[in-house]
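This report concerns only the one structure given below.
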Amino acid sequence: MAGTETGSRAEADGLADVAAGLDALDTPVERGTPWWRRLLTRAVPPVVAVLAVLAVWQALWAAAIWPEFKLPAPAAVGEHVGGLVGDGEIWGVLWVSVHRAVLGFLTAVIIATPLGLLVARVPLLRNAVGPLITGLQSLPSVAWVPAAILWFGLTPATIYAVVLLGSVPSIMNGLMSGLDQVPPLLTRVGKAVGAGPLTSARLVSLPAALPGYLAGCKQGWAFSWRSLMAAELIANSPQLGVGLGQTLEQARAMNSMSGVIAAILLILLVGISIELLVFRPVERRVLRGRGLAGAV
């Protein structure tokens with residue numbers, strides 16, 4: 001009898017060791033990295049890339065392959081940006097465009113999330129409108145601008161309509177793709193513990209689909225920003241204010257290549273800043289929570 005108890009205890013200890021080993025495999029491994037190494041790996045490469053682009057640009061300008069009005073010097077563009085900063089005009093321009101994009105994107109998230117959940121979970125609805133959503137995502141946002149102007153006139157509603165029509169399909173597709181990759185076992189467990197459809201969606205489906213949903217949100221932001229620039233380029237009115245798109249169009253109308261390139265660089269800077277300051281930290285946190293610390 002004593003031998004049997006000893007054997008059972010040894011078997012239980014072995015199973016406990018196996019379980020502890022499996023838990024250790026699932027636990028994200030955190031490696032402390034010195035701050036200077038993080039700085040070198042994250043900050044230095046982009047700076048080097050920017051300097052390389054500026055060097056090539058300066059070399060092309062110095063070679064005089066194109067006339068000055070087609071390719072101005074980097075210094076001329078820098079002076080133009082400095083003038084916008086010096087007189088304070090740049091802050092008003094950035095505010096007009098960025099607050100429109102953020103408001104439109106947040107509205108798109110609010111609209112696309114429940115719609116994406118509904119379409120993903122109802123097969124008949126998925127078969128009916130799934131191809132349409134994909135088609136709308138591939139439709140260039142600029143195609144909506146003439147229709148929106150006819151619908152709403154030269155008003156802010158036109159801008160927001162174009163932003164929503166450009167971003168909602170992308171967010172929906174990202175969420176639907178993430179939900180398609182959720183293991184069916186998770187939803188069955190939710191039902192087994194008595195979770196209703198709304199509770200299961202909030203506590204099971206959405207958290208499990210978070211990486212795909214986040215990718216859809218990133219793409220939705222990109223579409224929001226691109227849609228906004230397309231709308232601002234075409235729809236010009238005193239009611240709309242002056243954003244980056246209008247600034248770009250005004251520089252084009254004045255044949256100012258320095259102004260055109262400065263506006264393009266500002267548009268690019270906003271897009272990069274939102275990616276680095278908002279989406280990159282959120283994505284890194286989500287992936288690390290799933291044991292993918294080295295993914296971002």
Side-chain angles (χ1 to χ4, degrees), residues 97-152 156-182 201-202 205-235 243-245 248 264 267-268 270-280 282-283 286-287 295-296:
S97 291
V98 173
H99 96 273
R100 282 174 178 167
V102 171
L103 182 58
F105 170 72
L106 293 178
T107 305
V109 170
I110 294 172
I111 294 173
T113 301
L115 289 179
L117 282 169
L118 183 63
V119 173
R121 293 309 186 200
V122 180
L124 181 61
L125 196 58
R126 179 75 171 266
N127 293 332
V129 303
L132 177 61
I133 295 171
T134 303
L136 289 174
Q137 183 180 358
S138 63
L139 182 68
S141 303
V142 69
W144 290 112
V145 179
I149 291 175
L150 292 176
W151 288 335
F152 305 107
T158 295
I159 303 291
Y160 290 116
V162 174
V163 171
L164 290 176
L165 289 167
S167 58
V168 167
S170 297
I171 299 173
M172 289 182 65
N173 264 336
L175 176 56
M176 290 160 58
S177 176
L179 290 170
D180 289 342
Q181 300 175 36
V182 175
R202 182 170 59 89
S205 298
L206 275 177
L210 196 54
Y213 181 42
L214 181 59
C217 287
K218 286 177 62 177
Q219 192 172 42
W221 163 257
F223 273 83
S224 296
W225 189 237
R226 289 160 55 185
S227 302
L228 176 65
M229 292 301 104
E232 287 186 350
L233 275 169
I234 298 175
L244 287 170
L248 178 59
I264 292 174
I267 294 170
L268 181 64
V270 171
I272 294 174
S273 299
I274 296 296
E275 162 67 19
L276 294 180
L277 298 178
V278 178
F279 288 107
R280 184 67 63 83
V282 173
E283 186 177 23
V286 168
L287 294 179
V296 179

key: Side chains of Trp144 and Leu136 in contact at under 4.5 Å (non-hydrogen atoms)   =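 Contact flag for Trp144/Leu136 side chains = yes.
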ask   = Do the non-hydrogen side-chain atoms of Phe152 and Ile159 ever get within less than 4.5 Å of each other?
value =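 No, side chains not in contact.
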Using 0.5 Å steps for rounding, measure from the [atom1] atom of [X] to the [atom2] atom of [Y].
{"X": "Leu277", "Y": "Ile272", "atom1": "CG", "atom2": "CD1", "answer": "11.0 Å"}
{"X": "Arg226", "Y": "Gln219", "atom1": "CZ", "atom2": "CD", "answer": "8.5 Å"}
{"X": "Ser138", "Y": "Ile133", "atom1": "OG", "atom2": "CD1", "answer": "12.0 Å"}

request  = Mind listing the closest non-hydrogen atom pair of Ser97 and Met229 along with its distance?
outcome  =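 What the structure gives for the nearest pair is OG-CE, 3.9 Å.
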request  = Work out which heavy atom in Ile267 is nearest to a heavy atom in Leu248; give both atom names and the distance.
outcome  =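 Where Ile267 meets Leu248 most closely, the heavy atoms are CD1-CD2, 4.3 Å.
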query = Quick one: does Trp221's side chain have a donor or acceptor within less than 3.5 Å of a partner on Ala101's backbone?
reply =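 A pair under 3.5 Å: no.
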message = A quick test of your reading: do over 12 heavy atoms of other residues, nucleotides or ligands sit less than 6.0 Å from CG of Leu124?
response = no
Side chains of residues 105-112: which donor-acceptor partners sit under 3.5 Å, not counting sequence neighbours?
residue	atom	partner	partner atom	Å
Thr107	OG1	Leu103	O	2.8

Could you list the donor-acceptor pairs under 3.5 angstrom formed between side-chain atoms of residues 163-176 and any protein atom two or more places apart in sequence or on another chain?
residue	atom	partner	partner atom	Å
Ser167	OG	Val163	O	2.8
Ser167	OG	Ser224	OG	3.4
Asn173	ND2	Gln137	OE1	2.4

